[in-house]
Asks: 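Can you read through this structure? Questions will come right after.
All residue numbers in this chain count up from 1 along the given sequence.
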Amino acid sequence: MANANGKIGSAVVDALVAAGVPVRAGVRRPDAYGGSERQKGVEAVAFDYGDPALMVHAVQGVEAVFSAAPYETLPTAEAGLAVAAAAAGVARIVKLSALGPDDQPPAAHAAAEMAVLNALPASVMLRPTFFMQNYATMHLAAIRDGGAFYEPAAQGRTAFVDARDIADMAVAALTDPAHAGRIYSLTGPEALSRDEVAARIAAAAGRPVAYVAVDDAALRAALNGADPLLVELMSELMALVRAGGTERVHGDIPAVLGRPARDVATFARDHATVWR
């Protein structure tokens, strides 16, 4: 598990442990790892995408690796991981990528996917759209304290995906070699406008919640100080939303997991207390 402390990585660790799968978590500070009760039995090792020696050590004796490198480190970070993993005899990397224009990944993710597949052709690509969990994390304070969230989405619709479904897909790809070489597009079961998202959060939280449409300049101001590559990525993705490019619903989650993907109403009910 590379980047095991990340939003998706931590969920994947929990799901693997719950399934009884031995897990090695790659983290910057192994001595401080163990945030959840499940993670206490996980083997933690030092890992840094910028340190080839640590990567080589971390993947020794591992069958499969999950990777969710920060966007601004791509493609270099995952290209290096792929080389280390291939040399260590790892069977496949399960890479967290992203859905971009025409259901293809954004440029840096595309280059990272190519590097990973060139080194390990059995690797699996997970391409999710926007996470539902963003409304319980990056938009949390705005919703909880101000009863509103702000995005330059206009009335564009998105087939939001629950991070827990992404984690379950990662577990399937890590533990079952039948997924070797597959590319999965991950969405929820419905495409919603931000007004509809606000209505579902409001219903679950029992309080008014509004969506406020802003422009690209407001997004860039809110991201002031962030890595320029990340700022440009977010600007491009929100332009894609406005153009209708995130509306498509894909069936890969139900096809692989044998159950429907979680919808926004379920997500909102499960997280309702954070907005109150």
Side-chain angles (χ1 to χ4, degrees), residues 1-28 30 32-45 47 58-59 61-70 78 81 85 90-99 116 122-137 159-180 182-189 250-271 273-274:
M1 288 297 306
N3 198 13
N5 279 331
K7 183 184 299 182
I8 303 299
S10 59
V12 176
V13 170
D14 283 350
L16 286 167
V17 173
V21 179
V23 181
R24 180 181 297 163
V27 293
R28 288 184 180 272
Y33 185 73
S36 75
E37 190 65 30
R38 287 178 180 167
Q39 291 170 357
K40 289 182 179 178
V42 173
E43 177 192 1
V45 297
F47 182 89
V59 299
V62 169
E63 179 182 347
V65 174
F66 176 80
S67 181
E78 289 182 331
L81 175 62
V90 172
R92 62 194 173 280
I93 290 174
V94 177
K95 172 181 160 45
L96 184 66
S97 187
L99 272 179
V116 169
S123 293
V124 181
M125 303 297 132
L126 303 180
R127 296 176 178 172
T129 185
F130 285 76
F131 301 169
M132 297 177 191
Q133 275 69 12
N134 290 344
Y135 294 103
T137 52
F160 296 94
V161 65
D162 194 304
R164 295 170 293 182
D165 285 339
I166 301 173
D168 289 344
M169 289 290 291
V171 170
L174 287 165
T175 58
D176 187 349
H179 298 285
R182 298 294 300 273
I183 296 173
Y184 293 118
S185 299
L186 308 184
T187 72
H250 291 269
D252 288 345
I253 288 175
V256 171
L257 301 182
R259 60 161 177 80
R262 293 175 174 92
D263 59 17
V264 171
T266 299
F267 157 77
R269 288 193 297 269
D270 291 345
H271 294 78
T273 57
V274 303

Asks: Specify the closest pair of heavy atoms between Met125 and Ser123, including all atoms of both residues, with the distance to one decimal.
Replies: CE-CB, 3.9 Å
Asks: For the residue pair Val90 and Ala64, what are the closest heavy atoms and their distance?
Replies: CG1-CA, 4.0 Å
Asks: Please identify each residue that fulfils side-chain hydrogen bond (donor to acceptor under 3.5 Å, both in side chains) with Arg92, with sequence neighbours left out.
Replies: none
Asks: Could you check whether any side-chain N or O of Asn3 sits under 3.5 Å from a backbone N or O of Gly9, counting only pairs where one atom can act as donor and the other as acceptor?
Replies: no
Asks: What I'd like to find out is whether the side chain of Asp270 reaches to under 4.5 Å of the side chain of Arg164, using heavy atoms alone.
Replies: yes
Asks: Is there a donor-acceptor contact under 3.5 Å from the side chain of Arg24 to the main chain of Ala58?
Replies: yes
Asks: Knowing that exactly one of Ile8, Asp162, Val161 qualifies, which makes a side-chain contact (heavy atoms from CB on, under 4.5 Å) with Gln133?
Replies: Asp162
Asks: Spell out, as yes or no, whether a donor-acceptor pair under 3.5 Å connects the side chain of Asp252 to the backbone of Ser185.
Replies: yes
Asks: OH of Tyr33 to OG of Ser10: how many Å apart, nearest 0.5 Å?
Replies: 7.5 Å
Asks: Is there a side-chain contact between Val256 and Arg182, using heavy atoms and a 4.5 Å cut-off?
Replies: no
Asks: Counting C-beta onward and ignoring hydrogens, is there a side-chain heavy-atom pair between Thr175 and Leu16 closer than 4.5 Å?
Replies: yes
Asks: Does any donor atom in the side chain of His271 or Tyr135 lie under 3.5 Å from an acceptor atom in the other side chain?
Replies: no
Asks: So do the side chains of Phe66 and Val171 get within less than 4.5 Å of each other, counting heavy atoms only?
Replies: no
Asks: Between Asp165 and Leu186, is a side chain to side chain contact (heavy atoms under 4.5 Å, CB included) present by the stated rule, with each step listed?
Replies: CA-CA 8 Å; Asp165 285 339; Leu186 308 184; over 6 Å; no
Asks: Give every residue pair that meets the salt bridge (Lys or Arg N to Asp or Glu O under 4.0 Å) criterion with at least one member in residues 122-136, sequence neighbours excluded.
Replies: Glu113-Arg127
Asks: Can you give me the closest heavy-atom contact between Ala4 and Val13, atom names plus distance?
Replies: CB-CG2, 4.1 Å
Asks: Sequence neighbours excluded, which residues qualify as ring-ring contact (aromatic ring centres under 6.0 Å, His included) partners of His250?
Replies: none
Asks: Would you name the heavy atoms of Ala136 and Val274 that are closest together and state the gap between them?
Replies: CB-CG2, 4.2 Å
Asks: Where do Arg262 and Ile253 land on the side chain to side chain contact (heavy atoms under 4.5 Å, CB included) test, with the steps shown first?
Replies: CA-CA 9 Å; Arg262 293 175 174 92; Ile253 288 175; over 6 Å; no
Asks: Looking at every heavy atom in both Pro254 and Ala261, which two are closest together, and how far apart are they?
Replies: CD-N, 4.5 Å
Asks: Measuring from atom NZ of Lys7 to atom CD1 of Ile166, what distance do you get when rounded to the nearest 0.5 angstrom?
Replies: 9.0 Å
Asks: Which distance, rounded to the nearest 0.5 Å, do you find between the CG of Leu174 and the CD of Glu63?
Replies: 9.0 Å
Asks: Step by step, would you call Leu99 with Thr187 a side chain to side chain contact (heavy atoms under 4.5 Å, CB included)?
Replies: CA-CA 9 Å; Leu99 272 179; Thr187 72; 4.0 Å; yes
Asks: Show the nearest heavy-atom pair for residues Pro30 and Ala44, with the distance to one decimal.
Replies: CB-O, 3.8 Å
Asks: Side chains of Leu81 and Phe47: closer than 4.5 Å at any heavy-atom pair?
Replies: yes
